[in-house]
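Everything numeric here is computed off the predicted structure, so don't read it as measured data.
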Amino acid sequence: MAVVNQYKFVGIDNSTSGSALTPFGSGNPLVSETYLIKSILVTSAGTPSVTVTNNSITTIKSAALSANVTTELLTQPLIVVGGTTLTIQSSTADSFDFAVSYLNIKKEVTT
């Protein structure tokens, strides 16, 4: 089995009221993957609170953000293992953007 490391970035521009956003899709990473998240940056037009959950467990619950200021939510790397879901949610309907920089560690079966 070979391990392949890929550095990736995903960003979402959201304007939906308090919706829960899943930057990698539901149930991702795949079972054969692990994500090591280095950075979660958020910017909002208003002053929402932001909650990050990893497989339904609250990982980050931030204080209200400042309007039109980009804020780094992580102080340490966050690991998301295969088959779980990372969710980022804003408490208000303000325009809300976030960007995630991560390392995708894939286990590939080679024959």
Minimal non-hydrogen separation, Pro23 against Ile12, with atom names
CA-CD1, 3.9 Å
Can you tell me how far the OG1 atom of Thr59 sits from the CG atom of Leu78, to the nearest 0.5 Å?
5.5 Å
Where Ala67 and Ala45 come nearest, the two heavy atoms and their spacing
CB-O, 3.4 Å
From Thr53, Thr22, Val80, residue fulfilling side-chain contact (heavy atoms from CB on, under 4.5 Å) relative to Thr85
Thr22
Crowding at CZ, Phe9 (>12 non-hydrogen neighbours, <6.0 Å)
yes
Enter the distance from Asn5:CG to Thr34:OG1 here, rounded to the nearest 0.5 Å.
10.0 Å
Are Val69 and Val42 connected in the hydrophobic side-chain network, where two residues link if heavy atoms are under 4.5 Å apart?
no
Residue pair Asn104 / Pro29, side-chain heavy-atom distance below 4.5 Å
no
Classify the angle between the aromatic ring planes of Tyr102 and Phe24 as parallel (below 30°), tilted (30 to 60°) or perpendicular (above 60°).
perpendicular
Does atom CD of Gln76 have more than 12 heavy-atom neighbours, drawn from other residues, nucleotides or ligands, at distances under 6.0 Å?
no
Close side-chain approach of Leu74 and Val52, heavy atoms under 4.5 Å
no
If two hydrophobic side chains count as joined below 4.5 Å and joins carry through other members, does Leu103 share a cluster with Val4?
no
Answer yes or no: is there a donor N or O on one side and an acceptor on the other, between the side chain of Asn54 and the main chain of Ile79, under 3.5 Å?
yes
Considering all heavy atoms, the nearest Leu86-Ile37 contact:
CD2-CD1, 3.5 Å
Are any side-chain N or O atoms of Thr51 and backbone N or O atoms of Ser49, one a donor and one an acceptor, separated by less than 3.5 Å?
no
Give the intermediate values and the outcome of side-chain hydrogen bond (donor to acceptor under 3.5 Å, both in side chains) for residues Thr70 and Thr43.
CA-CA 4 Å; Thr70 301; Thr43 306; 2.7 Å; yes
Using 0.5 Å steps for rounding, measure from the CD atom of Gln89 to the OG1 atom of Thr58.
10.0 Å
With hydrophobic residues grouped by side-chain heavy-atom distances under 4.5 Å, do Tyr35 and Leu41 end up in a single group?
no
Counting C-beta onward and ignoring hydrogens, is there a side-chain heavy-atom pair between Leu65 and Thr47 closer than 4.5 Å?
no
pair Ser39-Glu72: side-chain heavy atoms closer than 4.5 Å
yes
Would you check, one step at a time, whether the test side chain to side chain contact (heavy atoms under 4.5 Å, CB included) holds for Ser62 with Leu73?
CA-CA 8 Å; Ser62 75; Leu73 295 182; 4.3 Å; yes
Sub-4.5 Å side-chain heavy-atom contact between Val50 and Phe98:
no
